[in-house]
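Following: one structure in structure tokens, then a few remarks.
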Amino acid sequence: MAEQNFPTGDLMKGKRGLIMGVANKNSIAWAIARQLAAQGAELAFTYQGDALLRRVGPLAESIGSDILVECDVTNDDTMDNTFATLKEKWGKIDFLVHAIAFAGKDQLAGSFVDNTTREGFKSALDISAFSFVDSARRASEIMNDGGAMVTLTYLGSERVVPNYNVMGVAKAALEACTRYIAADLGPRGIRVNAISAGPIKTLAAAGIGSGRHMFKFNKAASAMQDNTDPMGVAGAALYLLSDLGLSCTGETHHVDGGFHAIGMPQETPLKEALAD
Ligand code: NAP
């Protein structure tokens, strides 16, 4: 992500929350973290393994965060430890950002019906959808009433995107989970929403076959004829996690330059993009 200035202010002043899913400076979760910090939030981060600690540690430090917990969402002990650490350090939290997804590379190419295996399906759904249910339940136990949660999804849940395959199914489950969690936690004033981001160049996106075509096509076929800016995703997260988002819950909010709204793209930019 290019060096950008995130709008500063007090919208998140006095609020504390957990960011799950920063792998490096290009991660969507990192753009969200920077925006929340620029509005006064106190942040804690999870990371997976020592290699990521080397990258996430300095990033967290750069915005004044000293709570970093190792967490693999498939491992109950590390999940227990993550939320116990937050309880010990802070007592209560106000928000959760879940930006975690995984499917084996062999599951993200070619024919969905031929290439999706039982193990591939289970692991994609476990890491990319169940992990939000599990994190939301644990977070809700230490969350102040009136708190908020956000997860990250993609249009491949609603429509077929070549090679996205089992991840599209996992994202459909994730969006349904968002609505069910929103209903369960709504009476406590806790709001739960998903942001459906357009393609952004990150490690996770690099794992999907035909990535170059995806970026070119999205740019040409979106209403704005441009790729998605992580700052827009971070801005949407700020709205949904702050009091600006009051009364908004159970929503899947698209931040994709209007790609989702187009039935048939304009001919010229599409022809040019596909000829390139
Ligand atoms: P990213 O930087 O690669 O972040 C994905 C994160 O998920 C990484 O920190 C990764 O850690 C973590 N993760 C995977 N398996 C995990 C596990 N078992 N336990 C804990 N963490 C685990 O990519 P990103 O694009 O920002 O992805 C963030 C979210 O945005 C994902 O849900 C993704 O599907 C969604 N999204 C992305 C795009 C896009 O175009 N980039 C568009 C729409 C939605 P490791 O690196 O250690 O595996």
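Note that ligands are numbered from 1 as they come in the structure, with each ligand's atoms numbered from 1 the same way.
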Between Asp80 and Arg138 (salt bridge meaning N to carboxylate O under 4.0 Å), is one present in this structure?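 Here Asp80 pairs with Arg138 in a salt bridge, since their nearest N and O are under 4.0 Å apart.
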Apply side chain to side chain contact (heavy atoms under 4.5 Å, CB included) to residues Met79 and Val73 and explain how you reach the verdict. CA-CA 6 Å; Met79 287 290 278; Val73 293; 4.0 Å; yes
Could you name the protein residues that come within less than 4.0 Å of ligand 1, counting only heavy atoms, and order them by chain and residue number?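 Protein residues near ligand 1 are Gly21, Val22, Ala23, Ser27, Ile28, Gln48, Leu52, Cys71, Asp72, Val73, Ala99, Ile100, Ala101, Phe102, Ile127, Leu152, Thr153, Tyr154, Lys171, Ala197, Gly198, Pro199, Ile200, Thr202, Leu203, Ala204, Ala205.
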Exceeds 12 heavy-atom contacts within 6.0 angstrom, atom CZ of Arg118: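 Count not over threshold, so no.
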Please evaluate residues Val169 and Phe112 with respect to the criterion side chain to side chain contact (heavy atoms under 4.5 Å, CB included), reporting the C-alpha separation (whole Å), side-chain torsions for both, the decisive distance (0.1 Å), and the verdict. CA-CA 10 Å; Val169 178; Phe112 168 70; 3.8 Å; yes
Aromatic rings His253 and Tyr239: how do their planes relate, parallel, tilted or perpendicular, breaks at 30° and 60°?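 The arrangement is perpendicular - the two ring planes meet at more than 60°.
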Looking at Lys171, His260, His254, which one forms a side-chain hydrogen bond (donor to acceptor under 3.5 Å, both in side chains) with Glu158?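 When Lys171, His260, His254 are each tested with Glu158, the side-chain hydrogen bond (donor to acceptor under 3.5 Å, both in side chains) holds only for His254.
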